[in-house]
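Here is the structure we will look at, set down as structure tokens.
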Amino acid sequence: MRTLIQTLGALALTAALCASTALGPAAAAEEIPRLARRGDATQLLVDGKPFLILGGELGNSTASSLPYLQKQWPTLKALNLNTVLAPVQWDQVEPVEGRFDFTVVDGVIAQARASDMRLVLLWFGAWKNSMSTYTPAWVKRDGQRFPLARSAQGQAQEILSPAAPATLAADARAFAALMAHLKAVDGDRHTVIMVQVENEIGMLPSARDHSPAAEAEFRKPVPAAVLKATGKTGSGNWEQVFGKSPATDELYQAWTYGRFVEGLARAGASAYPLPMYVNAALNKPGVAPGGYPSAGPLPHLYAVWKAAAPSVFQAPDIYYPDFTHWAAQYDRPDNPLFLPEADRAGKVEAPANAFWAIGEHDAIGFSPFAIETISDPAGNPLTGAYALLDELTPVLLAHQGKGVTRGFRPPVSFEGVVDETPQTAKMGDWTVKVSFVDPWTPRDKQVFTAHGGLVIRLSADEFLVAGSGITLTFGEGVGLEKVTEGRFVDGAWVEGRWLNGDETHQGRHVRLEPGRFQTQRVKLYRY
Ligand code: DGJ
């Protein structure tokens with residue numbers, strides 16, 4: 001059975017990632033949102049066209065009450081979001097076993113449509129942040145049928161054991177019912193473009209589940225797929241192959257969680273195959289498994305998760321300052337970068353992170369958490385950043401996957417130390433040097449974490465530069481033939497001022513001043 005699920009899962013992802021085929025307009029309108037490989041990037045296609053998620057995730061409880069949610073849309077609109085990430089909770093949709101109530105889901109979709117917004121729905125099923133607090137009462141109260149995970153000391157945790165087949169069956173049935181409902185009410189509109197399976201799965205306070213069923217599993221031979229994913233050649237149970245350690249416990253648990261998620265994803269996809277992903281609560285460096293929510297889709301567990309759950313892709317929730325370090329590890333040939341929780345909303349570095357992730361790693365979307373808590377959208381830098389990214393989307397997505405886009409922002413260490421050293425990148429025949437210290441602003445007035453942008457090489461000698469607080473130079477013997485500021489309107493460049501004098505320091509640099517987001521078009525020549 002496992003082999004069958006695995007094979008089908010691999011086929012599902014292959015299909016999901018297959019190259020885009022040429023479709024007529026009618027076919028495109030019918031097309032279910034999907035992931036498609038384009039050059040060396042993976043794009044999200046919505047209605048047959050590449051789509052960039054300029055998103056924000058709602059606080060956990062906001063979408064559980066339609067009147068409460070209704071009041072948030074002016075803020076969400078004012079922030080220039082095109083997509084809202086909203087939870088759907090199991091206890092609310094299946095209060096009585098087998099009886100589904102999608103009133104709130106339908107209301108969320110209707111409200112999103114009224115605001116011309118897309119949705120990514122987050123399935124808060126068996127687990128949310130490790131715990132099992134979103135399960136219906138009939139699950140919570142039936143520990144016989146739905147056993148809890150146990151710590152190494154044998155203490156029951158408020159975490160459902162993923163080793164229990166009845167739990168997978170119940171969660172998968174509910175998730176499949178949700179997906180079938182989405183197909184029925186939204187299959188022709190695609191307001192919902194993607195689905196997150198569970199939320200921040202992780203085992204605590206031990207790295208693995210010690211419930212009786214899990215203990216029995218742990219003593220069985222390591223599955224061949226795990227050996228392959230980890231490059232091991234031996235045979236035997238988990239401790240015989242990998243040794244006795246918290247890392248082995250976590251590996252086993254990751255496989256078990258991954259298989260559970262694959263079961264859910266396959267059940268959901270057989271009803272309605274939207275793109276699906278899982279999100280990770282990142283591990284604190286230097287802490288052993290068990291000391292953090294263990295066994296989620298973490299960078300060091302990527303391969304085993306991919307082997308266990310090929311039908312979903314993996315995404316990081318980044319609340320640490322070293323955003324670039326974590327995000328880069330999720331951009332892989334078989335995994336697009338998506339940032340469902342790019343720190344809490346309102347952080348000054350959010351726009352620079354978004355420009356960098358999109359320019360450097362072809363991110364399919366960016367989304368700070370608790371987005372509705374931004375009380376002053378007009379005064380928040382994300383608003384201008386998203387407006388600019390929205391303008392740029394057609395040109396950006398048309399150039400993705402061709403190796404002609406780069407992103408720049410100063411990296412920050414885990415401890416919060418900013419490295420504002422200039423960065424250089426080879427783009428075509430040119431070497432682009434990007435500085436983050438603005439030459440014309442007093443140093444003590446600059447917030448370097450807010451500085452960043454992206455560069456697209458449009459042709460052999462022409463570039464688009466977008467962002468804020470970055471200055472570009474191109475080396476000895478390279479001059480600026482023409483630099484203009486401008487905007488994209490419906491995908492077409494509308495030229496503004498020509499910048500030959502002070503704005504380019506008489507041809508010495510291209511400068512995007514700090515404090516506002518803008519685009520400049522740059523043509524180079526050699527002298
Ligand atoms: C990460 C979780 O995924 C969210 O649902 C929320 O609990 C935030 N943490 C709170 O910071």
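In each ligand, atom 1 is the first atom listed, and ligand 1 is the first ligand listed. Only this structure's heavy atoms are used, side chains among them; waters, hydrogens and symmetry mates stay out.
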Compute the centroid of each ring, for Phe517 and then for Phe355, and state whether the two points are separated by less than 6.0 Å. yes
Notebook entry, point to check: What orientation do Phe366 and Tyr386 show, parallel under 30°, tilted 30 to 60°, or perpendicular over 60°?
Noted result: perpendicular
message = Check for me whether the distance between the ring centres of Trp127 and Phe260 falls short of 6.0 Å.
response = yes
Output for ligand 1, non-hydrogen cut-off under 4.0 Å, lists Asn60, Lys128, Asn129, Asn199, Glu200, Asp317, Tyr319, Glu341, Arg344, Phe369
Smallest heavy-atom separation, Leu337 atom then Ala327 atom, equals CD1-O, 3.4 Å
Exercise for review: Would you indicate whether the side-chain heavy atoms of Trp305 and Leu298 approach each other to under 4.5 Å?
Suggested key: no
Taking every heavy atom of Lys306 against every heavy atom of Gln314, the minimum-distance pair comes out as N-NE2, 3.4 Å
